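Here's the structure we're looking at; comments come further down.
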Amino acid sequence: MIAQFQKRNAPSAERNKTPIGAQLKMMLPQGARVLEIASGTGQHGAYFTKLRPDIIWQYSDVDTDAQESQKAYACENSSQLKLPLQLDVTQGNWWQRLEPITNIYCANMIHIAPWKAALGLTKGAGELLQAGDKLFLYGPFLFGVDSAQSNLDFTANLKQRNPVWGVRELVDVEELFVENGFHLDQQITMPRDNYLLVFCKR
Ligand SMILES: C[S@@+](CC[C@H](N)C(=O)[O-])C[C@H]1O[C@@H](n2cnc3c(N)ncnc32)[C@H](O)[C@@H]1O
């Protein structure tokens, strides 16, 4: 396939793809079919599929400009990277009519979206995944009075840009997942006050 779309490169994704990839490389099951929610530039899927040639990666995003970049990456590895789906997790029933998947990956979305996006993500994940399947959620989180100063500053900055955005309290996120049939299997500390949360479907 000839690439006709423009790849974009986010410095943050370039930085964090290596430590996240090291974890996913170990944790994804053989032959995993991963649905990525909010793929952004598409760099994560492009890198992770190189680490794991056995997996299939489905891009998705609400934003059509982001999808153009995802298409450019997909054209470079079309046997593993699937052209993006138009998915907005705030829309009811976004999970319907999707191909079967074994895992969901979502990085850096729930703080740059209304809380409704976290609600929609967890509801859809609960519908799509089977017992034992894992969802990987990467990003910054707050821990009440023990929150990292960098994340308190970050959330103040986000709320100035949009009052419904903001770094989420981990306890609130965990509660949502529990309500939708998951348990928090692993909480992995990542560079720069980020976490990789692994939720397992019960
Ligand atoms: C900060 S970027 C993160 C991109 C990528 N996951 C990463 O970590 O580099 C946030 C992404 O969330 C997407 N997004 C925001 N609201 C969304 C929604 N309701 N449904 C799906 N994607 C959404 C945006 O379009 C954007 O691509």
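Just so you know, ligand 1 is whichever comes first in the structure, and atom 1 is the first atom listed for that ligand. None of the values given here were measured: they were computed from a predicted structure.
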Ranked by distance from atom 9 (O) of ligand 1, the top protein heavy atom is A13 CB, 3.8 Å
In this structure, atom 20 (N) of ligand 1 is nearest to the protein heavy atom V89 N, 3.1 Å
Not counting sequence neighbours, list each pair that qualifies as a salt bridge (Lys or Arg N to Asp or Glu O under 4.0 Å) and has a residue in residues 131-142.
K134-D185
Quick one: look up the protein heavy atom nearest atom 21 (C) of ligand 1 and list residue, atom name and how far away it is.
L87 O, 3.2 Å
Nearest protein heavy-atom contact for atom 2 (S) of ligand 1: which residue, which atom, what distance?
N108 O, 3.9 Å
So, regarding T41 and ligand 1 (criterion: nitrogen or oxygen to nitrogen or oxygen, under 3.5 Å), is there a contact or not?
no
So, S78 side chain and C75 main chain: donor-acceptor pair closer than 3.5 Å or not?
no
4.5 Å side-chain heavy-atom contact, T49 and Y47
no
By number and element, which atoms of ligand 1 are closer than 4.0 Å to a non-hydrogen atom of I112?
1 (C)
Protein heavy-atom partner closest to atom 24 (C) of ligand 1 - residue, atom, separation in Å
D61 OD1, 3.5 Å
If you scan protein heavy atoms around atom 7 (C) of ligand 1, the nearest is H44 CE1, 3.9 Å
Nearest to atom 4 (C) of ligand 1 by heavy atom, A10, S12, A38: which?
A38
Subset of ligand 1 atoms that lie under 4.0 Å from at least one heavy atom of A107:
3 (C), 5 (C), 6 (N), 8 (O)
Looking only at distance, does A113 have an N or O less than 3.5 Å from an N or O of ligand 1?
no
Heavy atom of the protein closest to atom 18 (C) of ligand 1 (residue, atom name, distance):
D88 OD1, 3.6 Å
F182 vs L129 side-chain heavy atoms within contact, under 4.5 Å
yes
May I ask you to check if ligand 1 and I37 share an N or O to N or O distance below 3.5 Å?
no
Heavy atoms only, cut-off 4.0 Å: how does N16 contact ligand 1, side chain, backbone, both, or neither?
neither
I'd like a table of donor-acceptor pairs (distance under 3.5 Å, sequence neighbours excluded) in which one partner is a side-chain atom from residues 15-35, with atom names and distances.
| from | atom 1 | to | atom 2 | distance (Å) |
| --- | --- | --- | --- | --- |
| N16 | OD1 | H44 | NE2 | 2.7 |
| N16 | ND2 | S12 | O | 3.2 |
| K17 | NZ | E14 | OE2 | 2.7 |

Could you check whether any side-chain N or O of K71 sits under 3.5 Å from a backbone N or O of F5, counting only pairs where one atom can act as donor and the other as acceptor?
no
Quick check: do I110 and F141 have side-chain heavy atoms less than 4.5 Å from each other?
yes
When L135 is tested against each of I104, L197, N103 for side chain to side chain contact (heavy atoms under 4.5 Å, CB included), which residue passes?
I104
Quick note on ligand 1: atoms under 4.0 Å from a heavy atom of D63 include exactly 25 (O)
Is D63 reaching over with its side chain to a backbone N or O of D61, donor-acceptor style, under 3.5 angstrom?
no
What I want to find out is whether K82 reaches E99 closely enough, with some N-O distance under 4.0 Å, to be called a salt bridge.
no
Please report which non-hydrogen protein atom sits nearest to atom 23 (C) of ligand 1, along with the residue it belongs to and the distance in Å to one decimal place.
V62 CG1, 3.4 Å
For the backbone of S60 and the side chain of S39, can you confirm whether one donor and one acceptor N or O come within less than 3.5 Å of each other?
yes
Enumerate the atoms of ligand 1 whose separation from the nearest heavy atom of G40 is less than 4.0 angstrom.
4 (C), 27 (O)
